[in-house]
Engineer: 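Okay, handing you the structure first.
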Amino acid sequence: MGFYIRPQVLSHNSKPMAHHGDMRTSICSLCNGGCGLKVSVDQSAKVQAVFGDPDNPYNKGKLCPKPMEIVQTLYGPDRVGYPLKKVNGQFVRISWDEALNIIAQKHLNYLNNDGSGSIVGFTSKIGGSYSKLALSIFSELTGMANFGTGPICYDSEEKVRKAMFGSGSASTPLSDAIFAKLILIIGNNCAQTKAGQFQWLQEARRAGAKVVVIDPRYTETAQQVDQFIQIKPGTDGALGMALLHLIIKNKQYDEEFVREKTKDFDQLAKAVADFTPEKAAQITGVPQEVIEKLARDLGTSRPAMLWPGRGIVCVNNAGSTLLAFEALMAILGNIGKPGSGIVSHINGYGKANNLVPPEAVVKPHRKRNAQELYQALEEGEIKMLYIAGNPCANWPDSNRMSKGIAGVDFVVCHTLVLDDSAMLADIVLPAVHWLEESGMQAGINRVMQWKEKTGEPYAEAKSGGDFFRQLASKMGLPVSCFPDNPEEAWELERTHNPAIVGITVERMRQTPGGVHYPCPENGEESVRLFANAVFPTASGKIELLGDKRVELKYSDPLEAPGNAGMLQTEYPYLFSTVKVAAHYHTECQYSEWARELEKPYVELHPLTAVELEVTDGEELRIETATGSLVLPVRITHTVPRNVLFTQPYYTMKSGYETLPVNSLFPVACDQAGGNFVNKNILCRAYAERRLGR
Amino acid sequence: MRYLIVGNSAAGIFAAETIRGLDQAGQIIMVSQEDNLPYSRCLTSYLLGQEIPEQRIYIRNDNYYSETGIEFIGQNVEQVDARAKSVLLANGEKLSYDKLLIATGSSPFTPPIDGSNLEGVFQLRTLEDAKKIADFVPNVKEAVVVGAGLVGLKGAHGLHELGINVNVVEFAPQLMPLSLDSEAAGMVAGLLEKDGYRFYLNNKVVKILGEKNNNGGMTVSGVVLDSGEQIACQLVLMAVGVRPNTALVRDSGVKVNKGIIVNDRMQTSVEDIYSAGDVAETYDLLWDENRINALWPMATAQGIVAGCNMAGIERRYEGSMGLNSAVFCGVGVISAGILNLPDGEGQVFRAAEPQRNYYRKFILRDDRLVGMIMVGEIEGAGFLSALIRKRVKVNKTVVNQWLTDKISYQGYFSEGIPMGKVGQ
Amino acid sequence: MSNQSMLIDLTSCIGCKACAVACKQENGLAAGNTFLKVWLKEYLKDKVVKYYVHQACHHCNAPRCQAACPVGAIERREDGVVVQDEDKCIGCQVCVTVCPYGGAKIMANGKAGKCSFCKHRLKSGVPSACVTVCPTQARIMGGREEIVREAERRKAELLGKGCSTRLEGINDIQTKVIYLLPE
Amino acid sequence: MPKIYFRPERCDGCRACELACIEKHSQTQSIFMANLEKPSPQSRIRVSQSANQFAAVVCQQCLQAMCVEACMTGAMQYSESGAVIHDAKQCVGCWMCVMVCPFGAVIPLAEAKKAGKCNLCEEEKLPACVLACTRKALWYCTGEEYEIKAAGELECAT
């Protein structure tokens with residue numbers, strides 16, 4: 001006998017939102033774009049929905065999908081609500097007090113027996129400025145070394161820029177685009193990665209700017225601009241050097257600026273002397289005429305802006321490439337003036353000093369760089385880890401990283417969700433989401449905006465700020481060093497950092513769009529850096545060749561770290577990751593909507609697909625020296641031949657249940673010694689069905 | 001949540017199943033005067049005529065109540081106490097509820113005719129009625145059916161199937177005055193007369209005659225008609241209409257007109273009391289007023305809507321309309337909507353071929369199909385009843401074609417019939 | 001906000017899919033339910049044509065879904081918004097098969113669903129959710145004439161840059177949602 | 001649950017689906033003998049025409065089926081898998097389902113006094129009509145599969 005009622009069809013599919021909620025203003029803390037948010041909150045202070053803030057002058061109410069996906073992460077099934085302790089492989093709920101006692105006791109134990117170097121932190125941007133400050137105070141008090149997002153995101157860029165200009169930060173707000181005549185976007189699909197702020201480029205174009213995109217892929221950004229230059233992956237440095245060569249040869253640089261404000265120009269000229277456009281054309285695949293035309297455009301269009309992206313930062317020859325393009329901006333005099341300079345999401349504003357009395361500071365007894373960390377994990381040198389992030393997915397050679405973490409004696413994970421890294425922890429602590437904590441949020445427009453707390457913390461979730469203070473108290477450390485709340489934390493940070501002392505919480509609150517930094521005691525904002533053409537380098541000038549740790553010399557990506565020594569006959573393709581708008585690293589995958597919008601795939605040129613005997617939707621296995629991954633194929637003419645592209649947002653411990661793509665990238669850094677590489681790595685591929693699956 | 005459902009026919013069981021589907025944990029109590037499994041009243045005449053065995057009259061299987069987790073109580077509900085949120089059963093017991101559904105249906109109306117209390121006078125509504133008649137018929141040769149509505153004719157058919165001569169008395173000048181026009185009714189009458197039925201139209205029974213039987217009681221021996229004519233018979237089946245069973249809500253505050261008045265969520269005027277089925281007076285989308293459309297499909301649809309709203313899912317009932325389907329001597333007869341518009345209103349399309357029992361009539365008002373009758377080839381009737389429900393303008397050329405052509409769904413065609421604004 | 005039209009300029013769309021998520025948030029759509037689907041389309045002509053298809057209801061002046069719906073669950077309102085009534089829907093999915101634009105979609109529970117032009121927002125004079133979030137003005141809303149003018153202006157501007165486009169929804173088939181498509 | 005979807009723009013009115021359905025519902029299971037049988041087998045799928053357009057109408061397996069709600073004998077019901085099925089044993093041929101099916105997809109089998117409707121050829125891997133449709137106007141797939149397939153067919157015009 002069948003049924004006469006089908007209850008599942010009786011409920012409604014859509015429940016249009018009634019806008020009854022209390023609307024609170026906040027700032028998105030996902031991609032460092034700094035978009036203003038309006039968050040609708042219900043009576044029990046639960047976040048209902050996220051909208052764009054029309055009063056924010058930077059995003060003007062517009063938004064990319066990421067912040068709207070948050071609600072599902074906040075109250076989704078993966079969210080951690082209570083401290084958990086692993087007992088016989090299973091997590092059991094414990095109290096915060098018990099958790100803190102265990103952690104404090106373990107920490108003190110390792111500190112005494114194995115030294116401060118045996119305890120390491122892995123933190124990303126969980127929480128916000130309050131958590132960050134508390135962590136840095138805790139680190140100073142315990143000598144704990146921290147690995148933030150630098151090695152996987154921006155270290156090379158920051159180091160090169162700091163060496164050249166004296167500051168690693170972006171020099172120009174994106175909003176300056178409307179004053180620019182030419183905007184050079186390189187290795188940067190900002191239409192996807194900074195979608196909420198993309199309107200600035202459109203406005204710039206309406207105001208007459210020419211926007212040029214240089215990328216191996218015909219990206220969404222490339223679609224929207226005046227000129228797209230397709231370049232062979234990893235060869236941007238050659239293009240940059242040829243542009244320098246042409247500008248110098250044709251004397252199109254700003255002679256006065258070069259003379260007065262830069263150092264090492266002659267050496268620079270020498271370094272690019274033989275880097276002719278013919279040579280560059282051969283390397284980059286960009287026709288010589290195009291290179292020459294671009295050089296002419298650069299030479300004649302001032303002011304011009306540069307917006308480099310991860311496409312030239314997270315690569316194995318990042319250092320020299322960045323050096324070339326930033327030197328190009330420098331000799332053209334495109335620095336410090338409206339509509340010139342370098343746009344980036346790096347918002348360094350200096351460290352707060354003297355937060356801890358000198359006698360209480362503990363120096364880490366061992367220093368390691370990010371690469372060395374792997375070995376230290378494997379060799380058991382590291383006894384205890386604090387994780388706030390997902391290194392098992394976001395660090396290269398993820399399998400090795402996971403194994404390393406699994407081998408550590410005691411792992412504490414302060415997290416929103418039970419992700420791949422949290423699953424390896426001994427103690428899991430529930431973290432507040434950034435919407436549940438106020439704090440300072442900087443953005444791509446070089447502003448500091450005060451992010452208001454909107455929702456109440458979920459269940460027993462705690463901020464990193466509270467966690468480290470309470471832990472310090474359990475460990476008998478001087479608690480008085482720690483701030484008690486986000487406002488106090490900012491007050492502490494501001495008053496201990498002369499660069500931002502003028503930026504009070506009140507001022508941020510009262511200024512729509514926030515306050516440009518640095519902002520010293522006199523309260524003057526700095527819309528763009530170096531407006532006075534004074535550079536905080538040793539020479540006070542732009543050091544065109546940086547600190548010489550990186551040579552301005554083109555290096556073939558196939559010969560650079562990660563690929564050097566690999567046989568191209570065995571690994572004939574290149575493998576890279578590229579981002580999509582619906583995801584920010586691995587954070588958004590806990591939203592069902594995001595998972596529905598984006599399913600992992602690998603992009604192939606049609607001829608590559610023919611070579612590999614796969615068609616659209618078929619599964620392709622991609623193998624590198626460190627791992628292998630199976631992904632469905634998407635055939636497209638928008639990617640070059642012999643290069644495979646996928647996206648870096650998926651992991652095992654989420655609805656995707658896919659091996660994180662970083663497991664295919666070796667532990668390799670570019671010469672600048674900063675960034676890990678997650679592009680242009682040699683790989684091989686074959687149709688998965690050949691294995692009989 | 002404690003749901004109490006009074007009545008275990010169409011509206012009651014569909015409501016109960018809906019609630020069960022939406023709220024697995026809720027307590028569902030079903031109370032009915034008839035202490036048995038849910039069965040289809042529409043099939044009682046089939047049972048009477050021995051066209052189906054008794055087991056087929058049940059529309060749910062033997063373990064229905066236990067499988068669906070419905071507590072069943074075979075008691076009559078005497079009174080609803082809305083203030084105390086409870087009902088009083090015939091056995092004096094009180095049952096409380098959080099949500100109450102009244103789906104008590106209706107009962108045959110017995111006109112005050114002299115002799116209507118005689119042995120051999122029956123009505124046919126419940127399973128018990130059918131069984132009683134079945135027990136009585138061995139002594140019957142000649143029967144009189146009072147009322148030629150659908151119920152009367154189906155009852156007559158049941159008796160006729162048993163080899164009894166059937167005489168049908170109808171007050172109106174035609175058969176099924178509420179669901180057919182005179183032309184179609186004439187066609188049906190012709191069919192049945194050929195089969196041996198006798199009709200007394202424009203007539204009524206004024207007296208039922210009786211004679212002493214062996215048990216000392218009085219048994220039917222015939223009827224006297226208004227015309228003075230007498231018909232000798234051993235059985236009288238009264239089928240002159242039904243009245244909603246609203247007695248249980250008197251003094252409860254639940255507003256009653258002819259039936260219990262409900263809104264589009266099947267809520268009565270009293271909170272947490274819902275009503276559905278033949279007892280409820282619901283919105284009629286063609287007449288644009290509340291009416292009782294005591295029809296199986298309406299009862300189930302209302303039951304589902306009531307169930308949803310009781311279980312917390314807001315759903316609206318679109319409204320009912322008249323719809324009837326019957327088969328006479330193998331000829332299907334379907335009618336829907338408004339059949340008789342006042343003179344000068346609307347437009348009528350008609351085709352009749354009596355020799356092959358074929359008749360079609362389409363009634364349009366403001367270029368919208370509002371009613372139809374089909375006798376004979378009835379395939380595709382559903383598309384027309386849907387068009388009536390949809391209330392959209394129709395193309396008259398196509399309506400004209402439908403008089404003779406096959407009727408088929410038009411929605412796939414770009415110049416599809418139903419266009420323009422929905423609604424009146 | 002009657003007589004409102006929407007322009008979807010696929011030449012300006014950057015495929016961020018904010019509109020699709022805003023739609024889900026605004027209309028309370030669980031995973032599996034979508035009124036608006038954004039997906040990549042790419043083909044070769046004299047150049048690579050790549051754009052994001054916005055698959056959703058166009059709000060036709062003569063909606064086929066309305067004609068096809070056997071129970072009158074789909075109705076074109078006087079202001080041109082084509083709305084679907086979930087209460088009436090019986091889940092036959094015929095609207096889905098007759099829509100030339102893939103506008104009516106099969107929801108997770110099997111019944112049909114479609115864009116309602118955020119009719120609940122229109123009531124209070126607020127543009128549809130997808131329009132409010134779109135960071136590139138690829139979705140804009142306004143009076144019909146104003147929107148048609150803007151569409152023609154963009155088309156002309158693109159032509160001036162050597163990019164040929166096509167407008168849908170203002171010529172032979174009239175729809176409330178106007179599309180500007182790359183050709 | 002998979003069901004039969006009809007893509008109107010593809011149909012050229014060849015009626016192969018009707019013939020295949022008749023064969024499937026015949027006693028003889030013979031495409032040659034079927035039409036000679038008594039009672040003559042009836043197709044559950046019907047091709048209709050309007051101007052020069054054709055359409056095949058077949059049970060849409062409605063999720064809230066009007067025939068199920070109207071059936072006074074409980075013969076029309078939903079199967080476990082979600083299809084609308086008809087229990088002929090229970091049917092008394094009252095044509096209530098014929099009266100309400102908005103597609104006219106329930107066929108009154110007058111001789112048998114039973115309603116007849118598409119059962120998706122439940123015992124076969126593919127319904128006969130879908131197999132017979134050379135123009136691929138009939139698709140047998142689930143709703144999800146339909147969405148994917150249909151999106152793939154969308155013209156650039158979207």
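All chains are named by letter (A, B, ...) in the order of the sequence lines, taking the proteins before the strands, and each is independently numbered beginning at 1. Everything numeric here is computed off the predicted structure, so don't read it as measured data.
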Engineer: Within the 4.5 Å heavy-atom criterion, are C/Lys24 and A/Met68 side-chain neighbours or not?
Structural biologist: no
Engineer: I'd like to know which of A/Arg6, A/Gln72, A/Glu69, A/Glu596 tops the heavy-atom pair count under 4.5 Å against chain C.
Structural biologist: A/Glu596
Engineer: Look at atom NZ of A/Lys210 and say whether more than 12 heavy atoms of other residues, nucleotides or ligands are closer to it than 6.0 Å.
Structural biologist: yes
Engineer: Can you name the closest pair of heavy atoms from A/Trp593 and C/Leu29 and give their distance?
Structural biologist: NE1-O, 3.1 Å
Engineer: Below 4.5 Å, heavy atoms only, C-beta onward: do A/Ser14 and C/Phe35 meet side chain to side chain?
Structural biologist: yes
Engineer: Counting heavy-atom pairs under 4.5 Å to chain C, which of A/Gln192, A/Arg634, A/Glu592, A/Gln8 comes out on top?
Structural biologist: A/Gln192
Engineer: Output the distance between atom CG (C/Leu40) and atom OH (A/Tyr601), rounded to the nearest 0.5 Å.
Structural biologist: 7.0 Å
Engineer: Just how far is it from atom SG of C/Cys134 to atom CZ of A/Phe198, taken to the nearest 0.5 Å?
Structural biologist: 11.0 Å
Engineer: What part of C/Cys16 lies closer than 4.5 angstrom to a heavy atom of chain A: side chain, backbone, both or neither?
Structural biologist: both
Engineer: By a 4.5 Å heavy-atom criterion (distance strictly below it), what part of C/Gln25 contacts chain A: side chain, backbone, both, or neither?
Structural biologist: both
Engineer: Which bit of C/Cys13 is near chain A, if near means a heavy-atom gap under 4.5 Å: side chain, backbone, both or neither?
Structural biologist: backbone
Engineer: Is there a donor-acceptor pair closer than 3.5 Å between any side-chain N or O of C/Lys111 and the backbone N or O of A/Val9?
Structural biologist: yes
Engineer: Give, as side chain, backbone, both or neither, the part of C/Val49 having an atom under 4.5 angstrom from any heavy atom of chain A.
Structural biologist: neither
Engineer: Contact between C/Lys50 and A/Glu220 at the side-chain level, heavy atoms closer than 4.5 Å - yes or no?
Structural biologist: yes
Engineer: Is any side-chain heavy atom of C/Glu42 closer than 4.5 Å to one of A/Thr636?
Structural biologist: yes
Engineer: Could you look at C/Thr11 and say if it's the side chain, the backbone, both or neither that has a heavy atom under 4.5 Å from chain A?
Structural biologist: backbone
Engineer: Identify which part of A/Arg595 has an atom lying under 4.5 Å from any heavy atom of chain C, answering side chain, backbone, both or neither.
Structural biologist: neither
Engineer: For the residue pair C/Asn109 and A/Asn13, establish whether any side-chain heavy-atom pair is separated by less than 4.5 Å.
Structural biologist: yes
Engineer: Find the one option among A/Val71, A/Thr638, A/Asp226 whose heavy-atom pairs under 4.5 Å with chain C are most numerous.
Structural biologist: A/Thr638
Engineer: Could you check whether any side-chain heavy atom of A/Phe51 comes within less than 4.5 Å of a side-chain heavy atom of C/Glu26, counting everything from C-beta outward?
Structural biologist: yes
Engineer: With the side chain counted from C-beta on, respond yes when A/Lys15 and C/Asn27 share a heavy-atom pair under 4.5 Å apart, and no when they do not.
Structural biologist: no
Engineer: Does any heavy atom of chain C fall under 4.5 Å from the side chain of A/Ser591, the backbone, both, or neither of them?
Structural biologist: neither
Engineer: Any luck finding a side-chain donor-acceptor pair between C/Tyr51 and A/Gln223 under 3.5 Å?
Structural biologist: no
Engineer: For the CG atom of A/Leu10 and the CD atom of C/Glu86, what is their distance to the nearest 0.5 Å?
Structural biologist: 11.0 Å
Engineer: Would you mind checking which part of A/Glu598 comes under 4.5 Å of any heavy atom in chain C, side chain (CB onward), backbone (N, CA, C, O), both or neither?
Structural biologist: side chain
Engineer: Could you look at C/Thr132 and say if it's the side chain, the backbone, both or neither that has a heavy atom under 4.5 Å from chain A?
Structural biologist: backbone
Engineer: C/Ala18, C/Ala30, C/Gly91, C/Pro182: which one forms the most heavy-atom pairs within less than 4.5 Å of chain A?
Structural biologist: C/Ala18
Engineer: Got C/Pro135 and A/Cys64 here, is their nearest side-chain heavy-atom distance under 4.5 Å?
Structural biologist: no
Engineer: Using non-hydrogen atoms and a 4.5 Å limit, figure out which bit of A/Gln199 sits close to chain C: side chain, backbone, both or neither.
Structural biologist: both
Engineer: Under a 4.5 Å heavy-atom cut-off, does chain A meet the side chain of C/Ile90, its backbone, both or neither?
Structural biologist: neither
Engineer: Among the options C/Thr136, C/Val38, C/Thr34, pick out the one with the most heavy-atom pairs lying under 4.5 Å from chain A.
Structural biologist: C/Thr136
Engineer: Between C/Lys161 and chain A, which part of the residue has a heavy atom less than 4.5 Å away: side chain, backbone, both or neither?
Structural biologist: side chain
Engineer: Report yes or no: do A/His12 and C/Asp87 form a side-chain donor-acceptor pair below 3.5 Å?
Structural biologist: yes
Engineer: Which bit of C/Ala22 is near chain A, if near means a heavy-atom gap under 4.5 Å: side chain, backbone, both or neither?
Structural biologist: both
